[in-house]
Amino acid sequence: MSRVGVLGARGKVGSAVCAAVDEADGLTLAAEVDVDDSLDLLVEHRAQAVVDFTHPDVVMANLEFCIAHGIHAVVGTTGFDDDRLATLTGWLDDAPGVGVLIAPNFSIGAVLMMRFAAQAAPLFESVEIVELHHPTKADAPSGTAARTARLVAEARRTAGSAPMPDATSTGLDAARGADVEGVRVHSVRARGLVAHQEVVFGGLGETLTVRHDSLDRSSFTPGVLAALRSVHGRPGLTVGLENLLDL
Ligand SMILES: NC(=O)C1=CN([C@@H]2O[C@H](COP(=O)(O)OP(=O)(O)OC[C@H]3O[C@@H](n4cnc5c(N)ncnc54)[C@H](OP(=O)(O)O)[C@@H]3O)[C@@H](O)[C@H]2O)C=CC1
Ligand SMILES: O=C(O)C1=N[C@H](C(=O)O)C[C@H](O)C1
């Protein structure tokens with residue numbers, strides 16, 4: 001039986017996670033923490049693991065506290081670059097036995113979308129990513145899109161792919177999207193959307209579009225519960241839900 005604290009408990013995903021933990025066998029919802037609540041609640045309520053769906057600006061301070069107090073963490077909050085991951089690894093080196101699992105996306109469909117995109121990447125001349133989200137999202141591009149772009153870029157580098165064709169020589173700033181390791185990423189924000197992504201591949205006389213849609217935030221909770229059930233057995237840093245799946 002693991003006692004779970006949820007950080008960002010009143011947020012869009014955090015509230016869905018609280019409900020899922022509350023109903024899950026073998027997990028107890030021990031603490032619900034949101035903005036302006038003290039992290040000491042986690043210690044007072046003897047949380048053994050936390051789930052963090054807060055904000056990129058606060059997630060590092062949350063994790064520093066948890067690791068220092070020997071609390072495992074399952075993290076959905078975005079904003080993890082190489083510097084942040086290196087800092088986390090340093091903290092974890094000083095806290096043997098503590099596990100932190102970060103996933104840019106906890107939905108099974110998104111994990112498969114990233115995997116399929118990486119598989120297709122060396123086989124097409126062109127690839128661009130379009131991510132579409134609700135307008136209350138703080139970060140652009142999304143963590144999922146950034147991760148997909150890096151996986152695609154790595155697959156193309158490994159295969160020795162030629163540069164993508166693109167004759168653009170004039171245009172408005174940002175019209176061609178953000179450049180993530182040479183892969184163009186376009187971010188759409190619109191009311192009504194939840195979380196969606198298309199990876200568009202182009203080859204001679206054909207295109208392939210790999211698309212994933214999270215239609216409801218319940219899409220993230222099975223992955224979060226699976227991570228909670230395994231994080232205590234994975235000391236150190238794990239990045240990506242795919243590490244828990246037999247793909
Ligand atoms: N990896 C994944 O599968 C997914 C990741 N995400 C990511 O998760 C994060 C949260 O997303 P979402 O739920 O949509 O956002 P919300 O804004 O709906 O929820 C975040 C919650 O955290 C609260 N909060 C802010 N600061 C703190 C703090 N220091 N301690 C505790 N709680 C705090 C916010 O309060 P207030 O509003 O008052 O600031 C809010 O209630 C984002 O980074 C998002 O990109 C989202 C979906 C899936
Ligand atoms: O903010 C969101 O909503 C989401 N954030 C994550 C991201 O940035 O990739 C995961 C999913 O796209 C939903």
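Remember, it's 1-based here, ligands and their atoms both numbered in the order they're listed.
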Taking only heavy atoms of [X], which atoms of ligand 1 are found under 4.0 Å from at least one of them?
X: Phe106; answer: 1 (N), 2 (C), 3 (O)
X: Val58; answer: 26 (N), 27 (C), 28 (C), 29 (N)
X: Phe220; answer: 3 (O), 47 (C), 48 (C)
X: Asn105; answer: 1 (N), 2 (C), 3 (O)

Flag [X] as yes when one of its N or O atoms lies below 3.5 Å from any N or O atom of ligand 1, and as no otherwise.
X: His55; value: no
X: Arg217; value: no
X: Thr54; value: no
X: Pro56; value: no
X: Lys137; value: yes

[atom]: the protein heavy-atom neighbour that sits closest, reported with distance to 0.1 Å:
atom: atom 12 (O) of ligand 2; result: His133 NE2, 2.6 Å
atom: atom 15 (O) of ligand 1; result: Lys12 NZ, 3.9 Å
atom: atom 5 (N) of ligand 2; result: Lys137 NZ, 3.1 Å
atom: atom 9 (O) of ligand 2; result: Thr144 OG1, 2.5 Å
atom: atom 7 (C) of ligand 2; result: Gly143 N, 3.4 Å
atom: atom 4 (C) of ligand 1; result: Phe53 CE2, 3.4 Å

Out of [options], whose heavy atom is nearest to [atom]?
atom: atom 6 (C) of ligand 2; options: Ser187, Pro104, Gly79; value: Pro104
atom: atom 13 (O) of ligand 1; options: Val13, Ile102, Leu7; value: Val13
atom: atom 19 (O) of ligand 1; options: Gly14, Gly11, Gly76; value: Gly11

Counting C-beta onward and ignoring hydrogens, is there a side-chain heavy-atom pair between [X] and [Y] closer than 4.5 Å?
X: Phe65; Y: Asp40; result: yes
X: Thr148; Y: Val180; result: no
X: His69; Y: Leu42; result: no
X: Trp91; Y: Val98; result: no
X: Val17; Y: Val4; result: no

- [ ] Look at the side chain of Arg156 and the backbone N and O of Phe124, then say whether any donor-acceptor pair between them is shorter than 3.5 Å.
- [x] yes
Open item on the list: Checking the side chain of Asp34 only, and the main-chain atoms of Arg10 only, is there a donor and an acceptor separated by less than 3.5 Å?
Closed with: yes
Going by atom types alone, do [X] and [Y] pair a side-chain donor with an acceptor below 3.5 Å?
X: Asn243; Y: Thr238; value: no
X: Lys12; Y: Thr136; value: yes
X: Glu131; Y: Thr144; value: no

Interfacing atoms of ligand 2 (cut-off 4.0 Å, heavy-atom, [X]):
X: Ser142; result: 7 (C), 8 (O), 9 (O)
X: Thr78; result: 6 (C), 7 (C), 8 (O)
X: Asn105; result: 10 (C), 11 (C), 12 (O)

TODO: Indicate yes or no: does Asp166 engage Arg176 in a salt bridge with an N to O separation below 4.0 Å.
DONE: yes
TODO: Using a strict 4.0 Å threshold on nitrogen-to-oxygen distance, state whether Glu242 and Arg147 make a salt bridge.
DONE: yes
TODO: For Gly143 and ligand 1, answer yes if some heavy atom of the residue is under 4.0 Å from a ligand atom, otherwise no.
DONE: no
- [ ] Could you tell me if any non-hydrogen atom of Arg10 lies under 4.0 Å from any atom of ligand 1?
- [x] yes
- [ ] Measure the distances from the heavy atoms of His134 to every atom of ligand 2 and state whether one is below 4.0 angstrom.
- [x] yes
Task: Heavy-atom pair of closest approach, residues Val231 and Ala73 - done: CG2-O, 3.7 Å
TODO: Answer yes or no for atom 41 (O) of ligand 1: protein heavy atom present at a distance under 4.0 Å?
DONE: yes
Open item on the list: One residue to check: Ala103. Relative to ligand 1, which of side chain, backbone, both or neither has a non-hydrogen atom less than 4.0 Å away?
Closed with: backbone
Open item on the list: Taking 4.0 Å as the limit for heavy-atom contacts, which would you say applies to Asp139 with ligand 2: side chain only, backbone only, both, or neither?
Closed with: side chain
Task: Which segment of Ala195 sits under 4.0 Å of ligand 2 when only heavy atoms are counted - done: side chain
